[in-house]
Amino acid sequence: MTIRVRFAPSPTGYLHIGGARTALFNWLLARRHGGAFILRIEDTDRERSTPEAIEQILESLRWLELDWDEGPFFQTQRIDLYREAIGKLLDSGMAYLCRCTPGELDAKRERARREKRTYLYDGACRDAGHSDDGTPYVVRFRSSHTAGDVVFEDGVVGLIRKSEQELDDLIMARTDGTPTYNLCVVVDDVEMGITHVIRGMDHLNNTPRQIQIYRALGAEPPKFAHLPMIHGPDGRKLSKRRDAEYRAQGFAVSALEYREMGYLPHALVNYLARLGWAHGDQEVFSRQELVELFSLEGVGRSAALFDAKKLRWLNQTTMKSASHEDLRERLAPHLAGKGVSLPAGEAGQRLVDAHRERSSTLEEMALFLVPYLSDEFEFDAKAVKKHLKPAAAPLVQALITKLEELREFGLQEVETAFRAVVEEQGSKLGKLAQPVRVALTGRSRSPGIFEVVWMMGKERSLERLQSALVEMA
RNA sequence: GGUCCCUUCGUCUAGUGGUUAGGACGCUGGCCUUUCACGCCGGAAACACGGGUUCGAUCCCCGUAGGGACCGCCA
């Protein structure tokens, strides 16, 4: 039997990182076993579903390179299927018409709450034998209360047992006739031949009642695996409302926002994979390794806190080994945002290579690169104050003279010039390097100084050294 | 409140009925060095608590505490 899994987001907002991980684990399992990864959009809540959210979700999956084999399917286009299933259940007596109004139900819920009882639908219409005479109704599932416990083996959590006494008759079709979630998932998963349902732990409690529906439909339930939740850095549930607060900590709920922040998709994938899944001590995985090594057995059971610092480290690590083409392509939008772009060919490659291991994100790298690509860049006031002092002026002046004389402006020649100046002035390299660094890049942190001067070019370097000289006087 | 799930360093985690409880991020001391970063070497840092089973429990069982999810004509 070939594995068929699905990712089934509801398009009521952007794809959050918990959803991204669910998608990833499904995708990994499908790829690991040569199965199919199916994308299904659960948009039956017409009030809250939007086309923008759908596009955001697809774009997020594309960015993460989680390609799907079938779909996207839309539940709103499959209504007939659900109607048919509901009709079948009605005919067989596994479902019935219910005329309880929302108001009546609210009152019962409220009373149960006041009396500190568990609210379960009391089955007022269960045996009333209502038929469709034009009075508004909903369709309820007739939950079995005789078969004892619903038992299933969860791929992550293990054996789950639920007493059928605690399963009340859920609504499958609303007053307006539209089907609800629990019915749609089951019908779709049956129809699509889904073999493994891998989803968030928040669905664990729904599973027993869905299993009842599978049975009522005469279908074999798939294997279930419920993934532990991901919590925010504060240990609390992820909240889309607290974005501003999160951002201050370098954290975002939206998967796509990590692209904006300058993360490589594979870094996020690698990080998400390690959140709740492990393969011994290994931290860094290639896409290929992930596909080869992933298994449900390696998935843990406890919720995890999102650690933005570790993601940053992983991103830097990933950038170190990324291909130049990939980096250049992903860096471009960040540079464009600052009004600059990378020169073609080797000059651009040099800049990227010199900065890839000292940047945590593409955004940070872009910031580093601006001084090489434009004359519009910021000077760090503290660095200027500390290094552009009169005492360094003679050294800088001597360097200017030496650099001006250079016919060839290569890395080797620049270094020779520096060393000659330091020796002639009886000084130390550091005394000259720091002022030059600040003069050229505006800050006290950069790649090796010979490399900086070389990458900056003769003309630009001399210009900036000259203005620095003025500053120092 | 009811039902269900979870609990190893601050965080992500490995791990076994007998280990100096391992790794990674972060923090920190040092080396390297023209700065930063990388790299390398070192350090602090965990089995939630209480019972039981056992010669022996971090590991198995039961409680307690803490955390989470669900309890909708949302998904």
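Below, read A as the first sequence line, B as the second, and so on, with proteins coming before strands; counting in each chain starts at 1. Computed from a prediction, not measured in an experiment: that's the story for all the values here. Just so you know, these numbers use all the heavy atoms, side chains as well, and skip hydrogens, waters and symmetry mates.
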CZ/A:Arg113: more than 12 non-hydrogen atoms of other groups inside 6.0 Å: no
With a 3.5 Å limit on both atom pairs, tell me what B:C60 is paired to, counting Watson-Crick and G-U wobble, or say none. B:G52
Report which part of the nucleic acid A:Phe306 touches: base, sugar-phosphate, or nothing (heavy-atom distance under 4.0 Å, all strands). nothing
B:U64 and B:G39: how far apart are their C1' atoms, nearest whole angstrom? 49 Å
Side chain A:Arg358 and base B:C38 donor-acceptor under 3.5 Å: no
Looking for any heavy atom pair under 4.0 Å, which part of the strands does A:Gln316 touch: base, sugar-phosphate only, or nothing? sugar-phosphate
Which atom pairs, donor and acceptor, lie under 3.5 Å between side-chain atoms of residues 229-236 of chain A and protein residues at least two apart or in another chain?
unit_1   : atom_1 : unit_2   : atom_2 : d
A:Asp234 : OD1    : A:Arg236 : N      : 3.0
A:Asp234 : OD2    : A:Arg242 : NH1    : 2.9
A:Asp234 : OD2    : A:Arg242 : NH2    : 2.8

I need the full list of salt bridge (Lys or Arg N to Asp or Glu O under 4.0 Å) pairs touching residues 264-278 of chain A, with sequence neighbours left out, sorted by first then second residue. A:Arg274-A:Glu283
Looking at B:G23, does its base get a donor-acceptor pair with the side chain of A:Glu283 below 3.5 Å? yes
In Watson-Crick or G-U wobble terms, with both distances under 3.5 Å, the base opposite B:C31 is B:G39
Nearest to side-chain heavy atoms of A:Asp307, which nucleotide of B:C25, B:U34, B:U13: B:C25
Please work out if A:Leu432 contacts a base, only the sugar-phosphate, or nothing of the nucleic acid, heavy-atom cut-off 4.0 Å. nothing
For nucleotides B:A48 and B:C6, find the distance between their P atoms and express it as a whole number of Å. 15 Å
I'd like a table of donor-acceptor pairs (distance under 3.5 Å, sequence neighbours excluded) in which one partner is a side-chain atom from residues 134-141 of chain A, with atom names and distances.
unit_1   : atom_1 : unit_2   : atom_2 : d
A:Thr135 : OG1    : A:Asp133 : OD1    : 2.5
A:Arg140 : NH1    : A:Asp169 : O      : 2.6

With a non-hydrogen cut-off below 4.0 angstrom, is A:Lys237 in contact with a base, only sugar-phosphate, or nothing? sugar-phosphate
Protein-nucleotide distance (A:Leu268, atom CG; B:C12, atom P), rounded to Å: 17 Å
How is A:Lys162 classified with respect to the nucleic acid when contacts are heavy atoms under 4.0 Å: base, sugar-phosphate, or nothing? sugar-phosphate
Nucleotide B:C25, atom P - distance to CZ of A:Arg312 in whole Å: 15 Å
If you go through the side-chain atoms of A:Arg437, does one of them form a donor-acceptor pair with the base of B:U34 closer than 3.5 Å? yes
Closest to the side chain of A:Arg445, out of B:C12, B:U11, B:U35, is B:U35
What integer distance in Å separates A:Arg356:CZ from B:G39:P? 14 Å
Should B:C9 form a Watson-Crick or G-U wobble pair with both distances under 3.5 Å, which nucleotide is its partner? none
Do A:Gln75 and A:Asp43 get their side chains close enough for a donor-acceptor pair, meaning under 3.5 Å? no
Spacing between A:Gln210 atom CD and B:C70 atom P, to the nearest angstrom: 14 Å
Looking at every strand, decide which applies to A:Val138 at a 4.0 Å heavy-atom threshold: base, sugar-phosphate, or nothing. base
Value in whole Å for how far the C1' atom of B:G72 lies from OH of A:Tyr121: 15 Å
is_close_aromatic(A:Tyr271, A:His266), centroid dist under 6.0 Å: no
Hey, can you pull the residues of residues 38-46 of chain A with a non-hydrogen atom under 4.0 angstrom from RNA chain B? A:Glu42, A:Thr44, A:Asp45
Under 4.0 Å from OP1 or OP2 of B:G39: is there any side-chain N or O of A:Lys320 that close? yes
Any side-chain heavy-atom pair of A:Leu293 and A:Gln282 under 4.5 Å: yes
Given atom CG of A:Asp168 and atom P of B:G72, what is their separation to the nearest angstrom? 7 Å
Contact class for A:Arg109 (heavy atom, under 4.0 Å): base, sugar-phosphate, or nothing? sugar-phosphate
Hey, is the side chain of A:Asn205 pairing donor to acceptor with the base of B:A69 inside 3.5 Å? yes
Kindly state whether the ring of A:Phe25 and the ring of A:Trp277 have centres lying under 6.0 angstrom apart. no
Would you check if there is a donor-acceptor pair between the side chains of A:Arg199 and A:Thr207 at a distance under 3.5 Å? yes
If you measure from the P atom in B:G51 to the same atom in B:A14, how many Å do you get, rounded? 28 Å
Pick the C1' atom in B:C62 and in B:A24, then give their distance to the nearest Å. 35 Å
Residues at least two apart in sequence or cross-chain that pass ring-ring contact (aromatic ring centres under 6.0 Å, His included) with A:Phe379, listed by chain then number, are A:Phe377
Taking atom types as modelled, find out whether A:Asn206 and A:Tyr181 have a side-chain donor-acceptor pair closer than 3.5 angstrom. no
Minimum-distance nucleotide to A:Glu357 side chain [options: B:C73, B:A37, B:C5]: B:A37
Looking at every strand, decide which applies to A:Gly200 at a 4.0 Å heavy-atom threshold: base, sugar-phosphate, or nothing. nothing
With sugar-phosphate meaning primed atoms plus P, OP1 and OP2, does A:Pro208 contact a base, only sugar-phosphate, or nothing at under 4.0 Å between heavy atoms? nothing
Euclidean distance for P, B:C40 against B:U58 (whole angstrom): 35 Å
For B:C70, which nucleotide is its Watson-Crick or G-U wobble mate, given both distances must be under 3.5 Å? B:G2
Nearest-Å distance once atom P is located in both B:U16 and B:C59: 13 Å
Pairwise P distance for B:C5 and B:C60, with rounding to whole Å: 16 Å
Determine the contact category for A:Ser446: base if any of its heavy atoms lies under 4.0 Å from a base atom, sugar-phosphate if only primed atoms, P, OP1 or OP2 are that close, otherwise nothing. base
Under 4.0 Å, counting only non-hydrogen atoms across every strand here, what does A:His231 touch: a base, just sugar-phosphate, or nothing? sugar-phosphate
Which nucleotide sits closest to the side chain of A:Ser302: B:U7, B:C25, B:C5? B:U7
Distance, rounded to the nearest Å, where A:Gln165 contributes CD and B:G2 contributes C1': 15 Å
Please state the P separation for the pair B:G30 and B:U35 - nearest whole angstrom. 15 Å
Please list, one pair per line, the donor and acceptor atoms closer than 3.5 Å that link side chains of residues 439-450 of chain A to other protein atoms, with sequence neighbours excluded.
unit_1   : atom_1 : unit_2   : atom_2 : d
A:Thr441 : OG1    : A:Arg437 : O      : 2.8
A:Thr441 : OG1    : A:Arg443 : N      : 3.3
A:Thr441 : OG1    : A:Arg443 : O      : 3.2
A:Arg443 : NH2    : A:Leu367 : O      : 3.1
A:Ser446 : OG     : A:Arg437 : NH1    : 2.8

Euclidean distance, atom NE2 of residue A:His226 to atom P of B:U3 [Å, nearest integer]: 20 Å
Is there a donor on the side chain of A:Thr175 or the base of B:C73 sitting less than 3.5 Å from an acceptor on the other? yes
Nearest to the A:Ala304 side chain among B:U34, B:U13, B:C70, which nucleotide is it? B:U13
Would you mind classifying the nucleic acid contact of A:Ile449 as base, sugar-phosphate or nothing, using non-hydrogen atoms under 4.0 angstrom? base
For a quick check, tell me whether the side chain of A:Asn206 and the base of B:A75 share a donor-acceptor pair closer than 3.5 Å. yes
